[in-house]
There are 2 protein chains.
Amino acid sequence: MHTSLESHQYLRQHSIKPSVQRTAVMDYLMKNRTHPTVDEIYSALSPSMPTLSKTTVYNTMDIFVEKGAVRALVIDEKNSRYDVDVSAHAHFICKSCGKVFDIFNLKPVLFQLPKDTPFKIDSVEISYSGICDSCKGN
Amino acid sequence: MHTSLESHQYLRQHSIKPSVQRTAVMDYLMKNRTHPTVDEIYSALSPSMPTLSKTTVYNTMDIFVEKGAVRALVIDEKNSRYDVDVSAHAHFICKSCGKVFDIFNLKPVLFQLPKDTPFKIDSVEISYSGICDSCKGN
DNA sequence: TCAATTTGTGTAATGAGTACAAAGATATAC
DNA sequence: GTATATCTTTGTACTCATTACACAAATTGA
């Protein structure tokens with residue numbers, strides 16, 4: 001596996017020092033838009049990077065989220081999942097297979113933050129759930 | 001602590017056999033609209049019900065959710081939280097103190113399920129996050 | 001009353017995530 | 001270039017929410 005230039009640049013754009021590990025993780029995220037868990041990222045990279053530690057993947061994801069390069073999704077009760085697309089869109093989780101899908105093209109009003117609350121709101125997460133197309137037949 | 005009649009009736013309405021434990025848990029949920037975790041429910045009831053097992057609370061919550069008497073919230077990455085109000089409303093989690101608050105009075109359009117997707121969508125969860133009023137000063 | 005079924009309990013196991021300290025890599029100063 | 005400080009990575013041990021499971025207790029129905 002060879003990492004692309006984009007991941008390297010994307011990290012720099014978000015003030016993240018691009019180490020070998022960070023670039024590999026970011027590259028995986030950019031090429032696999034499946035909202036992977038830490039375990040999935042680790043398992044995918046581990047064969048070609050045998051010394052990679054799962055702790056490193058955890059640390060890396062924390063930095064990515066903190067720097068705004070990645071969104072942490074709270075939609076799967078089992079694991080944290082990550083999305084390198086930080087633009088306004090929603091997610092759908094299939095209660096049968098557990099996969100998480102993007103939902104684009106929703107009305108912009110859905111992503112507006114409510115103003116008349118006592119809270120300082122700074123983000124919104126819209127999560128749908130049900131059964132995905134592949135699981136419908138089963 | 002004496003359980004109210006409403007919790008008993010509410011359980012029957014949802015085809016849940018009202019055992020002593022289930023009634024106590026439901027009563028706690030109806031009187032404490034704080035979106036408690038299993039641990040919080042257990043800790044609150046345990047003193048007046050010394051033989052209560054945490055496993056029972058887990059089982060009970062599973063039944064409540066399955067029967068539609070309670071909504072499981074996926075908003076706190078640490079714990080599952082539960083809301084006895086199953087009507088359409090959103091939630092806000094304070095990233096500082098971790099408390100979860102209700103947000104009512106949002107436009108009904110927010111809770112409409114998107115139609116042009118390949119998925120069989122049957123629920124939506126709208127979660128805001130930021131800093132709550134009490135934590136603002138700190 | 002007795003047997004069958006449902007519900008509750010306690011213990012042990014699982015598994016995601018974190019704490020921490022040591023090792024390795026990178027940057028900076030001289 | 002070498003020494004030093006800082007940042008990053010790694011492995012191990014730990015925490016803690018949740019689940020598995022087997023047995024006990026309660027309830028139901030003949």
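Per chain, numbering begins at 1; letters A, B, ... match sequence-line order. Here the structure is a predicted model, which means the values were calculated and not measured.
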- [ ] Using chain A heavy atoms and a threshold of under 4.0 Å, write down where along DNA chain D the contacts begin and end, 5' to 3'.
- [x] D/dC7 to D/dT19
Task: side-chain hydrogen bond (donor to acceptor under 3.5 Å, both in side chains) against A/Ser123, all qualifying residues, sequence neighbours excluded - done: B/Ser129
- [ ] Output the rest of the hydrophobic cluster of A/Phe104: all Ile, Leu, Val, Met, Phe, Trp and Tyr residues reachable through side-chain heavy-atom contacts under 4.5 Å, sorted by chain and number.
- [x] none
Open item on the list: Run the salt bridge (charged side-chain N to carboxylate O under 4.0 Å, His left out) test against A/Asp39 and tell me which residues pass, sequence neighbours left out.
Closed with: A/Lys54
Task: Whichever hydrophobic residues join A/Val74 through chains of side-chain contacts under 4.5 Å - done: B/Val74
Do any side-chain atoms of residues 58-69 of chain B form donor-acceptor pairs under 3.5 angstrom with protein atoms, and if so which ones, sequence neighbours left out?
| from | atom 1 | to | atom 2 | distance (Å) |
| --- | --- | --- | --- | --- |
| B/Asn59 | ND2 | B/Thr55 | O | 3.4 |
| B/Thr60 | OG1 | B/Thr56 | O | 2.6 |

- [ ] Please list, chain by chain and in numerical order, all residues satisfying side-chain hydrogen bond (donor to acceptor under 3.5 Å, both in side chains) with A/His89, sequence neighbours excluded.
- [x] A/Asp83, A/His91, A/Asp102
Task: Under 4.0 Å protein heavy-atom contacts per nucleotide of nucleotides 4-19 of chain C, with B for base, S for backbone only and - for none - done: --SSSBBB----SBBB
- [ ] Check side-chain hydrogen bond (donor to acceptor under 3.5 Å, both in side chains) between B/Lys107 and all other residues, then give those that pass, not counting sequence neighbours.
- [x] none
